[in-house]
Structure formats: structure tokens, C-alpha cells
A.B. asks: 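The structure is given below, and queries will be raised subsequently.
Remember, predicted model here, so these are calculated numbers, not experimental data.
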Amino acid sequence: MDTLAEVPQSTLSGVARVLVHAGRLNAKTAEELVKSAKEKKASFISSVIGAGAVAPADLAHTLSTALALPLLDLAAVDVQKLPKNVVDNKLAAQYQVVVLGKRGNRLFIGGADPTDQEAVERIKFATQLSPEWVIVEHDKLAKLLEATGASANEAIESLSSGDFEFDVTDDVTAPQEQEAATDVEDAPVVRFLQKMLIDAINARASDLHFEPYEYHYRVRFRIDGELREITQPPIAIKDKLASRIKVISRLDIAEKRVPQDGRMKLKFGNKAIDFRVSTLPTLFGEKIVIRILDPSSAKLGIDALGYEKIEKDRLLKAIHRPYGMVLVTGPTGSGKTVSLYTCLNILNQPGVNIATVEDPAEINLPGINQVNVNDKAGLNFAVALKSFLRQDPDIIMVGEIRDLETADIAIKAAQTGHMVMSTLHTNDAPTTLTRLLNMGVAPFNIASAVLLITAQRLARKLCENCKAPADYPRDAMLKAGYAETDLDGSWKPYRAVGCSSCSNGYKGRVGIYQVMPITEEIQRLILAEGTAIDLAAQAQREGVRDLRQSGLIKVRAGVTTLDEVISVTNE
């Protein structure tokens, strides 16, 4: 074996010296790899692994044994639970380290090169803590840095230099706005906002929440319906960040006393993503919520939404009728808009005139005339609907029926040869009919105009990689709504486990639906002003599954868990 003396020690880094002593590399190869690393301005470790001279796992074990340092398998680490904002992301990316934990004044940092004294000194200076090395495998470290966003700075810088840009069409002309716009072109704030938006898109988030409090500032993402805290940036940036968001959303920067609504657009090369922005004055600053409006969600197709075959057939039959009203109901965030857009996409043909009035129009659909409500200008749902009827429409979509005037015009449009679609905020399909009655709509108008009502909820889907069979007590299954005949042992429910590719055992969401056609019997009950209980009982007799029953089918199919169905259908 070549000895260390064969190569001048000045040409070997600490890791090279260790590998030669341990017999993992001969001195000549070590020297060549050192030179190669210097030429490429890369680390010696990346050169060793890139050349295939030593495997990442062998390298980590050798360094751990030779230097008597602990070894950690990063595959077993939960990225979400790692300490955040202890070391600056740029610093972590530069020195290829990850913060694993903190105890007293000791900071445990994971890295592949424990001989890098420069990294230790920089981290010590930046954190005023005493760093202690934990050896980790180079390839797993690179993946984790990418997942936590520590190595995303390069991506952000390249995106902001051309591939990634905000689409701001209005010039900022007011003097105070020009001053504010200049003030917020603060590089760290700009990069932070871009990184949050990129991370939210990659995490499949639907909303970003920027929330100021008295002593801290936090950012949360809503992923699969659940809010999760992502980071706590310095509280000093709250005003600059709010101003930056308002500039690109074309909101009044000087106005901080009243809520404002705006939109912004990001361009990724040929792809553009819209965001809806809402500001709210709170005790300690402006809370900002950004909703991600993904146009692809409206083009998923009806099969991707989770309708069972009988429910899908009922819905398609109703929307293809020449006239009448189809109502979609459910709480905020239950996917009503996506369901309506999916139906409109099915009906969107060259020979059909479709008009929508929304507050606001969330997703741009080519070939459909979309109108935004503008209360300040006097353009509300009722005014827009009256105008639509003079525009020779075939299909009308009303974002929401909120009052008697809108309901009356929509029903009259449905009675006079138009297909009308709309949403209401009610718990299920039968209560939608009583809600219209309570608004003051005449029973005979409801009975003659409404064709079908669909109520819906969104439940989290189980991750296919890690779901496991569950043993629920028989009594719990019966109490949830299963019949004795359902529990015949031919199937097993599943439970959420959790793995590296999902969040707490769930990944994505699926719809749970109650699709109720208005039959002659239900029409008679409406005319007799029957209660929601009477209507629900009649729907059950006609084979309409309620939300809980539809959810139980999803549990039986292994799509979601019993706990999730109970939580979203617990009226």
C-alpha cells in the first residue's frame, strides 16, 4: 500500500489524508482527486464520490471510525422536525451542512466533511454557538438540503434572473407608491417571497398565510386542507414583505387600515400561475393570505374528482339537459368551484355560449365569458345575471346564490331555456332546498327549476406507499355507519402511517359526494314545504347516498381512513 510520505502532505486535505491512512484510496489517486477538485472548484468529497472512488456510505463510515465522530443515517430523519432558521440557508448550502439539533450552547451540524474548519468558524460566528460535527452520507445530505430548501438559493437566483418573474402590467405611478416600491426592492425580502411561493407550489399547497404577532412572525401553508407552520422569519421584515406583496398585486401600499383584495401572476418559462391575494389589518400588522389558483385543477376531468359511477352518471345526465338548475353545495374549501369548472369544461364547445359571474373569477377558462363582481361599481351577481340574459347565453354559472334577488333571477333563467349552475353554503343536498325556501323563493319555482343538487366534502387520501391495514373495533365500524352485512371479513380498512413521500400518511385529497336528483316525489315534498328531514328520508328511499355513506365507500376501497371520513362528515 502506498504510504502517506509518498505524496507531499500539503496536497492532501484532511479527508484525503484519512482515506489514504484507512486504505480506502492510494496516495496517487488521492492527489489526482485533490487536483481535480481544485480545478473544478468543487469539494474533495464530491470529487471522490463523483469519480466512484469510494461509495458515500463507505466514506461516511471511514470518517466516523477514523475521527471518532457520531454517524447518522439521514433517511431516518424527519425533515419537518429539524430546527429552522438557526443557520442561514445560503451558509448551509455553501458549506453543505444541515442543523440537526441544539442543546444549550452546542449546535449539532450534519456534514460529510468534518475537517472543514472554515465551515465551523463561519457557523460559530453566525450563531454564537459551538458547532459539533455529526457525520452524514454525502448523497443523502444533498437530497435533504434540496428538500429543506437550503440549496434552493441558486434556483431562486436563476429564476429571478429571467425564468421566474412577476407579471405586473400596471405601472406604479403615485409618488408614495414609487417610494414604497423602491423601499421593498430589498434583495433578501424579494428572495424570501419567491422562495416561499416556489416551496408552496412544490408542496402542493393551496394557500400561504403570512401572520404577524407581537413578538414573532410566522408563515403557514395549507396542504391537503391542513395548516402547517413552515418558518418563522425575523419580525423586522413584516412591513417590507407586506409592501412587496402589495406592489406586485397592484394594491394600495399606503392603505393599511382596511382589507384589500388583489391578484398576481408568476411566470415559469411558458407556464403562468395565478395567485389571489387578501390583506387583513390585525393588531400587529397586516396578515396576508395568498391562494394558489392552479388552472390544471379545472382540467383534471370528472373521473379524477372521486365520483362513484352512479353519482357521475346522475351529474352528467343533469348538466346535459337543455335547461334547468344544478346546485353544488358545501363549506368553504370543499372543492365546489373545481367541480363547477369541470362541468363547464365538459360543456365548453364551439357552438355553446357560456357566461359566468364570480367573486372573483379564480381560474381563467378559454372560450368562456367570465365576469368579476365589482360591488363598488354596482356590479353584483343580480346585475350581471340580468345582463347575461340579454347576451344570448346557453349556460350560465353564478359563483354563489347569496340573496333572494339573485336566486329569483337564476331560477327564472333556468325556467326560460337556460342551464344554470351555482353554489350555496349548506351542509347537504336536502338542506339546500329548505335554504332556498327560507330565502323566500316560491316552492313551485324550486320544484320546476332545480334538476339536481350535489353536496361535497374533501377528504385526505391515504399515501399508497405506506398505508397499512387497521384493526378498528367492530362496534366502532357499526357506529360509523356500516351495516352488519358490510363487515363480512372480505375487506380491511387502512390507517395512515407516514413516510418520506407523504405527510402524516396522507397525500392529496379526494371528493366525497351526495348527488341528489330532484325526482317527482321530491318535487311533491317541496310543493308541500316538507322539512329537510323529510327530503333526506325520501332521497334515501330513492338510493341517494348521504355524505357519510359515500365516505364509507371510500374507506372500503382503501382510498382514505375511517377517522378522516368521520371528521369531514361529522354534522
A.B. asks: Is there a donor in the side chain of Gln456 and an acceptor in the side chain of Ser339, or the other way round, less than 3.5 Å apart?
C.D. replies: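 Gln456 vs Ser339: donor-acceptor pair found between side chains.
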
A.B. asks: Taking all heavy atoms of Val383 and all of Gly378, pick out the closest pair and write down the distance.
C.D. replies: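 Smallest interatomic distance, heavy atoms only, reads CG2-O, 3.5 Å.
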
A.B. asks: Side chains of Thr115 and Asp113: is there a donor and an acceptor less than 3.5 Å apart?
C.D. replies: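 Their side chains do contain a donor-acceptor pair, which is all the 3.5 Å distance test asks for.
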
A.B. asks: With salt bridge (Lys or Arg N to Asp or Glu O under 4.0 Å) as the rule and sequence neighbours excluded, what pairs involving residues 125-140 come up?
C.D. replies: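 Listed once each, the pairs are Asp73-Lys140, Arg106-Glu132, Glu137-Lys140.
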
A.B. asks: Return the set of residues passing salt bridge (Lys or Arg N to Asp or Glu O under 4.0 Å) with Asp224 (not counting sequence neighbours), or none when no residue passes.
C.D. replies: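 Residues passing salt bridge (Lys or Arg N to Asp or Glu O under 4.0 Å) with Asp224: Arg204.
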
A.B. asks: What is the minimum heavy-atom distance between Gly104 and Leu129, and which atoms define it?
C.D. replies: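 Where Gly104 meets Leu129 most closely, the heavy atoms are O-CD2, 4.1 Å.
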
A.B. asks: Output all residues satisfying ring pair (Phe, Tyr, Trp, His ring centres under 6.0 Å) with Tyr513, sequence neighbours left out; order by chain, then residue number.
C.D. replies: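 Tyr307.
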
A.B. asks: Restricting to ring pair (Phe, Tyr, Trp, His ring centres under 6.0 Å), what partner residues turn up for His425, sequence neighbours left out?
C.D. replies: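 By the ring pair (Phe, Tyr, Trp, His ring centres under 6.0 Å) rule, His425 matches no residue at all.
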
A.B. asks: Check each of Val289, Ile201, Leu197, Ile245 against Leu208 using the side-chain contact (heavy atoms from CB on, under 4.5 Å) test, and report the only one that passes.
C.D. replies: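 Going through the options one by one, the only one that passes is Leu197.
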
A.B. asks: Strictly below 4.0 Å, N to O, side chains only: are Lys246 and Glu286 in salt-bridge contact?
C.D. replies: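 Salt bridge flag = yes for Glu286 with Lys246.
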
A.B. asks: Among residues at least two apart in sequence or on other chains, which ones pass salt bridge (Lys or Arg N to Asp or Glu O under 4.0 Å) with Arg402?
C.D. replies: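 With sequence neighbours excluded, Arg402 shows a salt bridge (Lys or Arg N to Asp or Glu O under 4.0 Å) to Asp359, Glu400, given in chain and number order.
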
A.B. asks: Sequence neighbours left out, what passes ring pair (Phe, Tyr, Trp, His ring centres under 6.0 Å) with Phe284? Give chain and number order.
C.D. replies: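 Phe284 satisfies ring pair (Phe, Tyr, Trp, His ring centres under 6.0 Å) with no other residue.
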
A.B. asks: Which residues pass the side-chain hydrogen bond (donor to acceptor under 3.5 Å, both in side chains) test with Asp207, not counting sequence neighbours?
C.D. replies: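 Residues passing side-chain hydrogen bond (donor to acceptor under 3.5 Å, both in side chains) with Asp207: Arg291.
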
A.B. asks: Could you tell me whether the side chains of Asp428 and Thr431 share a donor-acceptor contact shorter than 3.5 Å?
C.D. replies: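 On atom types as modelled, these side chains qualify, holding a pair under 3.5 Å.
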
A.B. asks: Of all residues at least two apart in sequence or in a different chain, which pass the side-chain hydrogen bond (donor to acceptor under 3.5 Å, both in side chains) check with Ser422?
C.D. replies: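 Ser422 satisfies side-chain hydrogen bond (donor to acceptor under 3.5 Å, both in side chains) with no other residue.
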
A.B. asks: Can you name the salt bridge (Lys or Arg N to Asp or Glu O under 4.0 Å) partners of Lys336, sequence neighbours left out?
C.D. replies: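 With sequence neighbours excluded, Lys336 shows a salt bridge (Lys or Arg N to Asp or Glu O under 4.0 Å) to no residue whatsoever.
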
A.B. asks: Could you pull out all residues at least two apart from Arg220 that satisfy salt bridge (Lys or Arg N to Asp or Glu O under 4.0 Å)?
C.D. replies: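 By the salt bridge (Lys or Arg N to Asp or Glu O under 4.0 Å) rule, Arg220 matches Glu211.
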
A.B. asks: Suppose we screen for side-chain hydrogen bond (donor to acceptor under 3.5 Å, both in side chains). Which residues come up paired with Glu255, at least two apart in sequence or across chains?
C.D. replies: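 Glu255: side-chain hydrogen bond (donor to acceptor under 3.5 Å, both in side chains) contacts with Arg257.
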
A.B. asks: Taking only residues two or more places apart in sequence, or in another chain, which ones meet Asn369 in a side-chain hydrogen bond (donor to acceptor under 3.5 Å, both in side chains)?
C.D. replies: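 Checked Asn369 against side-chain hydrogen bond (donor to acceptor under 3.5 Å, both in side chains); matches are Asn353.
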
A.B. asks: Would you say Glu226 and Tyr506 are linked by a side-chain donor-acceptor pair, where the criterion is simply a distance under 3.5 Å?
C.D. replies: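 Not at all, the side chains of Tyr506 and Glu226 share no donor-acceptor pair under 3.5 Å.
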
